Amino acid sequence: MKRIFLFFVVIVSGKLLPAQDSTICRQQEIIIKELPVLWQQKAAEYRALCYQAFNIADLRLKEVLKNKPGKQRLAIITDLDETILDNSYSEAQLILNGKEHTAQTWKDWTNRSVATAVPGAIEFLQKAKQKGITIFYISNRDTGTVASTLINLKKLKLPDADVAHMLFLSNTSSKETRRQIVMNKYKVVMLLGDNLNDFMQVFEGKNRLYCQMQPMANGKMLFMITTEN
């Protein structure tokens, strides 16, 4: 396994007891959660990058169609969460309430069917549909959330918003089998995702996040966040 530094290092003064170590780690964990949520919700750069990604996707799709694929049925496979649907408001509420993400809090959120769209996502998929492309939503939301997610997709006016085009998690988190189901019937011209696992099975793996406190010679403490693959 490989361990790498993630995000930042913070130096704090004084000698700390184990309970203080835990408190500081918790405080830094909250900060780590807050910053990406604020960036996703407020940063103009985030919106610009999203629009840029979908604009490039549109250009690539035009190139594919120029090659005259003939009578082949064409499809796009896309992930949902943080690719098409923005769930940052759920995470923000958990931070405000001092709660952790759990299976129940996630179910409560998906049951509300109120996720907004990632900038540029709806426009791109609607244009792709108008060009004769079928859209498949392969998500690791579990099959119990299909009904509430379908309501959400229809609210956003996303194309092919029906059960037949939604392949959700049933017995394995790997999306490869579900991708193959679509590929056996369609020529898939594009994969969309926010995670490498959304593209190829070879990228599938687990990461672990560690919080560590290390004493320094000057009496201060070195705070480190690391991840292990």
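Here the structure is a predicted model, which means the values were calculated and not measured.
Scanning all heavy atoms of the two residues, the minimum distance from Gly193 to Asp198 falls at CA-OD2, 3.4 Å. Of all non-hydrogen atoms in Val37 and Ser88, the two that sit nearest each other are CG1-O, 3.9 Å. Residues Ala115 and Leu85 approach most closely at CB-CB, 4.2 Å, considering heavy atoms. Asn87 and Glu82 get closest at one heavy-atom pair: ND2-OE2, 2.8 Å. Listed here is the closest heavy atom pair of Ser113 and Lys155: O-NZ, 3.2 Å. The two residues Arg178 and Leu167 make their nearest non-hydrogen contact at NH1-O, 3.2 Å.
The structure places CG of Asn197 at 8.0 Å from OG of Ser173, a figure rounded to the nearest 0.5 Å. The CZ atom of Arg60 sits 8.5 Å away from atom CE of Met190, with the distance rounded to the nearest 0.5 Å. One distance of note links CD1 of Ile133 with NZ of Lys187; it measures 11.0 Å at 0.5 Å rounding.
Within the 4.5 Å cutoff, the side chain of Leu80 has heavy atoms near those of the Leu153 side chain. Asn140 is listed as a side-chain neighbour of Lys175, based on a closest heavy-atom distance under 4.5 Å. Using a 4.5 Å heavy-atom threshold, the side chains of His165 and Asp162 count as touching. Using a 4.5 Å heavy-atom threshold, the side chains of Ile135 and Thr78 count as touching. Counting heavy atoms from C-beta outward, Ile76 and Val188 have side chains that stay 4.5 Å or more apart. Here the side chains of Val189 and Leu61 are in contact, with some heavy-atom distance below 4.5 Å. For the pair Arg73/Thr134, no side-chain contact is recorded, criterion being any heavy-atom separation below 4.5 Å from C-beta on. Side-chain contact between Asn152 and Thr110 is absent, with no heavy atoms from C-beta onward closer than 4.5 Å.
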Leu74/Gln72 under side-chain contact (heavy atoms from CB on, under 4.5 Å): CA gap, chis, key distance, verdict: CA-CA 6 Å; Leu74 306 182; Gln72 297 180 89; 4.2 Å; yes
side-chain contact (heavy atoms from CB on, under 4.5 Å) evaluation trace for Lys62 with Leu65: CA-CA 5 Å; Lys62 290 176 181 177; Leu65 296 177; 5.9 Å; no
Audit row: Ser139, Met166, side-chain contact (heavy atoms from CB on, under 4.5 Å) steps and yes/no: CA-CA 8 Å; Ser139 169; Met166 299 164 66; over 6 Å; no
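Annotation: Tyr186 is in aromatic contact with Phe136 [ring centroid separation under 6.0 Å].
Shown here are the salt bridge (Lys or Arg N to Asp or Glu O under 4.0 Å) partners of Arg179, two or more places apart in sequence or in another chain: Glu176. Thr83 is linked by a side chain to side chain donor-acceptor pair (under 3.5 Å) to Asp79, Asp194, counting only residues two or more places apart in sequence or in another chain.
The backbone N or O of Thr145 lies less than 3.5 Å from a partner atom in the side chain of Thr149, making a donor-acceptor pair. Asn97 places no side-chain N or O within 3.5 Å of a backbone atom of Lys99 that could act as its donor or acceptor partner.
Exactly one of Leu192, Ile77, Leu169 qualifies for a side-chain contact (heavy atoms from CB on, under 4.5 Å) with Ile138. That residue is Ile77.
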Please set out all donor-acceptor pairs under 3.5 angstrom arising from side-chain atoms of residues 42-57, sequence neighbours excluded.
| residue | atom | partner | partner atom | Å |
| --- | --- | --- | --- | --- |
| Arg47 | NH2 | Tyr51 | OH | 3.3 |
| Asn55 | ND2 | Tyr51 | O | 3.2 |

Show me, pair by pair, the donor-acceptor contacts under 3.5 angstrom made by side chains of residues 116-127, not counting sequence neighbours?
| residue | atom | partner | partner atom | Å |
| --- | --- | --- | --- | --- |
| Gln126 | NE2 | Lys157 | O | 2.9 |
| Lys127 | NZ | Asp58 | OD2 | 3.3 |

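Crowding of Lys154 atom NZ: a count of heavy atoms from other residues, nucleotides or ligands under 6.0 Å not exceeding 12.
Within the structure, salt bridge (Lys or Arg N to Asp or Glu O under 4.0 Å) contacts touching residues 102-116 (residues at least two apart or in different chains) do not occur.
Counting Ile, Leu, Val, Met, Phe, Trp and Tyr side chains that sit under 4.5 Å apart, directly or through other members, Tyr89 shares a hydrophobic cluster with Trp106, Trp109, Val114.
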